[in-house]
Number of protein chains: 2
Amino acid sequence: MTAEHAAPDAPAAAAQQQRRAPTLEAVAELAGVSRATVSRVVNDSERVSPEARDAVNAAIAELGYVPTRAARSLVTRRTDTIALIMHERSDTVFADPFFASMLRGVNHALTSTDLQLVLIQIQGDPQRDRALRYVGNGHVDGVLLISLHGDDALATSVSKAGVPLVMAGRLLTGDRVDSVDADNVGGARLAVRYLVTAGRRRIATIAGPQDMSVGVDRLRGYTEEMQAAGLPGSADWIATGDFTEAGGRAAMERLLTEHPTLDAVFAASDLMALGALQALRAAGRRIPTDVAVVGFDDTALAPYADPPLTTIRQPVERLGEEMVHLLLRRINDSAGAGSGAGADPSAVVLPTELVIRSSA
Amino acid sequence: MTAEHAAPDAPAAAAQQQRRAPTLEAVAELAGVSRATVSRVVNDSERVSPEARDAVNAAIAELGYVPTRAARSLVTRRTDTIALIMHERSDTVFADPFFASMLRGVNHALTSTDLQLVLIQIQGDPQRDRALRYVGNGHVDGVLLISLHGDDALATSVSKAGVPLVMAGRLLTGDRVDSVDADNVGGARLAVRYLVTAGRRRIATIAGPQDMSVGVDRLRGYTEEMQAAGLPGSADWIATGDFTEAGGRAAMERLLTEHPTLDAVFAASDLMALGALQALRAAGRRIPTDVAVVGFDDTALAPYADPPLTTIRQPVERLGEEMVHLLLRRINDSAGAGSGAGADPSAVVLPTELVIRSSA
DNA sequence: TTGAAAGCGCTAACAA
DNA sequence: TTGTTAGCGCTTTCAA
């Protein structure tokens, strides 16, 4: 109250400020029914007469009633909230459009429900513990986990706490939790097969970090397809990067030094492919005529590659959506069954796609 | 109690699953004090004896107690939750790293508090209304608004509902709400001044959408600095894009057609600058010797520009942090004052920075 | 400095 | 089909 004469002059404004949100009680009174009936209408119970329902709905509309989450939560023991936990080590990773696309998918899948999404970002051990306690104590109905680097322990902890969990990717430990992933092995094989079909024989790869399932799987796809094509392929045709542009550049330089005669490269990520392109150009190699490059594209960065990059497209947005779908199913399961470990974990795998771009 | 004799076969598992989180009551009992005292300790009340405090803290640690949000919320009428509302029209905008960086800043500023961040994405009128009802009915303590296209009505609505609000950017209507923005006018002037200093005279600009303060301000900076430099500059040296790469390319092509002799371009966003670069290269113009390009860089995309792009860097992450800081202040204000319109809205403006890159 | 008691707004038995 | 009633876990007067 810094205003004018303080109290008596501005009652309207004060009232507007202070006015509490309408409660079930108010709706019940206006509709001429009991609180229980209003609650039934709000929660779509079938045991309500049409008249009562109409009266309640009218009252709700008139009052602009919206249920209070806290009160409902307190009695139902549901929170109507799911957490998106992302574990990131380095700053650069966060700026990755991968994250934005995934988030978009998650959000999209969530709009039809009235679940709330809370973001939890883990950067260090204290935060990690805090998050674990948070989800472990029933403050969310379920957890979506994006572990950008293989922190399998986190997934296992959450899972053990009895909280429904869906992760992106796959646990390297072999422990089984519900997960959604793109077909990284298949995608990588597609990439290499494309290069083989184009007549390339001296095909190198820039692999991703081997502490993440994505990195492991894409390298495996490369190895498998090379073998299938009867191509030599030894360990020193593999350079490992960290999914960043700089890492890709460095890896490419290494490969060029050791194998000046290479005629194709499969990069396990778009950023690394971009780096490879730069290194090749700097080395005076012609792309794609001299060296063909195929990159794995999780994001939307490919358009910035010049010359155009042939890519394996991963449906990141759908990945986010599928994670939500699976999680919702698990949450329902656990509500119904009440206890027990529930069904076997399922691992949804989304197909990838080869996008061939012509050099303009 | 559905337990009892129901499931004699798996009591341990059931117990582990069903075990409820410890309550205040349990802590009180273990510590040998009343619930009220535990509550005081948890909420850092000063009126607690050291002995009681120690006993309570020990009990909390032993039990792993974490307060239940819902219960607390119900009585305090705070939700300890703030909403990040983003209004997006087109799909492309969301994938913008701008968003990820800002979110990172927001999250960072939030980790020291125990506020929860919920994401609300608005895509159409129904969702808009829903969001408005949601925040209007006291389900969040405050709102952060990122209106990618000028939807001033949303900001005004939220603000009128009496909910603390901080927006990114500035309202074009002139209505005053709390906001945080980068110094777009100053940044644009910096860009143009740099070009002028480098000896350029025929400087065109690719402006952003004129329904957003960012677009308007950056164009204004261009105009002001051109005038200050005594350079002609007429309306047809201005091509408007939509902050996308394609838009930048199209705008650049238009400019090249109408002004083949231009020797510099100021692009009001990084994506548009990238597009401009492509168009220039396609037209056979040499960058930067023939045409100098300076872009406004909100994101982290500049590294992908080849040749290197001289940019005006905007501290997007700090922008997110500052929004949170301001919002927290406002939330405290409104809690203290109780009512009234509060202090004058403040508009925080963050400095920008010119980053000069050499063509490798 | 502490405890007893009331009640936040809602749902879920249980009765009617 | 409806209403009555008893809490969910917490904070907060008010007394002691």
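The figures here come from the full heavy-atom set of this structure, side chains too, leaving out hydrogens, waters and symmetry mates. Convention: sequence-line order gives letters A, B, ...; per-chain numbering from 1.
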First locate atom [atom1] of [X], then atom [atom2] of [Y], and finally report the distance between them rounded to the nearest 0.5 Å.
X: A:Glu29; Y: A:Ser34; atom1: CD; atom2: OG; answer: 12.5 Å
X: A:Asp114; Y: A:Thr81; atom1: CG; atom2: OG1; answer: 10.0 Å
X: A:Leu132; Y: A:Leu154; atom1: CG; atom2: CG; answer: 6.0 Å
X: A:His139; Y: B:Thr68; atom1: NE2; atom2: OG1; answer: 5.5 Å
X: B:Asp175; Y: B:Thr156; atom1: CG; atom2: OG1; answer: 5.0 Å
X: A:Ile120; Y: A:Arg128; atom1: CD1; atom2: CZ; answer: 13.0 Å

Query - Contact residues, residues 57-81 of chain A to DNA chain D [heavy atom, < 4.0 Å] - result: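 Close to the strand are A:Leu74, A:Val75, A:Arg77.
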Report task. Kindly say whether B:Pro345 contributes a backbone atom to a donor-acceptor pair with the side chain of B:Asp178 at under 3.5 angstrom? Result ->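 Flag not set: sc B:Asp178 to bb B:Pro345 has no pair under 3.5 Å.
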**Report entry** Euclidean distance, atom CG of residue B:Asn43 to atom P of D:dC10 [Å, nearest integer]
**Finding:**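 Those two atoms, CG and P, are 11 Å apart.
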Query raised in the report: Roughly how many Å is it from CD in B:Glu29 to P in C:dG3, rounded to a whole number?
Result: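 So the two atoms are 13 Å apart, to the nearest Å.
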Query - Relative orientation of the end axes in the helix from C:dT1-D:dA16 to C:dA16-D:dT1, expressed as an angle to the nearest 10° (five pairs per end) - result: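 The two end axes of the helix from C:dT1-D:dA16 to C:dA16-D:dT1 meet at 30°.
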Requested in this report: Indicate the atoms forming the closest heavy-atom contact of A:Gly142 with A:Val163, along with that distance.
Outcome: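 Shortest heavy-atom contact: CA-CG1, 4.0 Å.
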Report task. Of all the heavy-atom pairs spanning B:Leu63 and B:Pro22, show the shortest one and how long it is. Result ->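 Here B:Leu63 and B:Pro22 meet closest at O-CG, 3.4 Å.
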Under 3.5 Å between N/O atoms: give me all the protein pairs with nucleotides 2-4 of chain D, atom names plus distance.
{"residue": "D:dT2", "atom": "OP1", "partner": "A:Ser49", "partner atom": "OG", "Å": "2.5"}
{"residue": "D:dT2", "atom": "OP2", "partner": "A:Ser49", "partner atom": "N", "Å": "2.8"}
{"residue": "D:dT2", "atom": "OP2", "partner": "A:Ser49", "partner atom": "OG", "Å": "3.4"}
{"residue": "D:dG3", "atom": "OP2", "partner": "A:Ser34", "partner atom": "N", "Å": "2.9"}
{"residue": "D:dG3", "atom": "OP2", "partner": "A:Ser34", "partner atom": "OG", "Å": "3.0"}
{"residue": "D:dG3", "atom": "OP2", "partner": "A:Thr37", "partner atom": "OG1", "Å": "2.8"}
{"residue": "D:dG3", "atom": "N7", "partner": "A:Arg40", "partner atom": "NH2", "Å": "3.4"}
{"residue": "D:dG3", "atom": "O6", "partner": "A:Arg40", "partner atom": "NH2", "Å": "2.6"}

Query raised in the report: Which residue, B:Leu144, B:Thr113, B:Val140, B:Val118, forms the side-chain contact (heavy atoms from CB on, under 4.5 Å) with B:Ile82?
Result: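 When B:Leu144, B:Thr113, B:Val140, B:Val118 are each tested with B:Ile82, the side-chain contact (heavy atoms from CB on, under 4.5 Å) holds only for B:Leu144.
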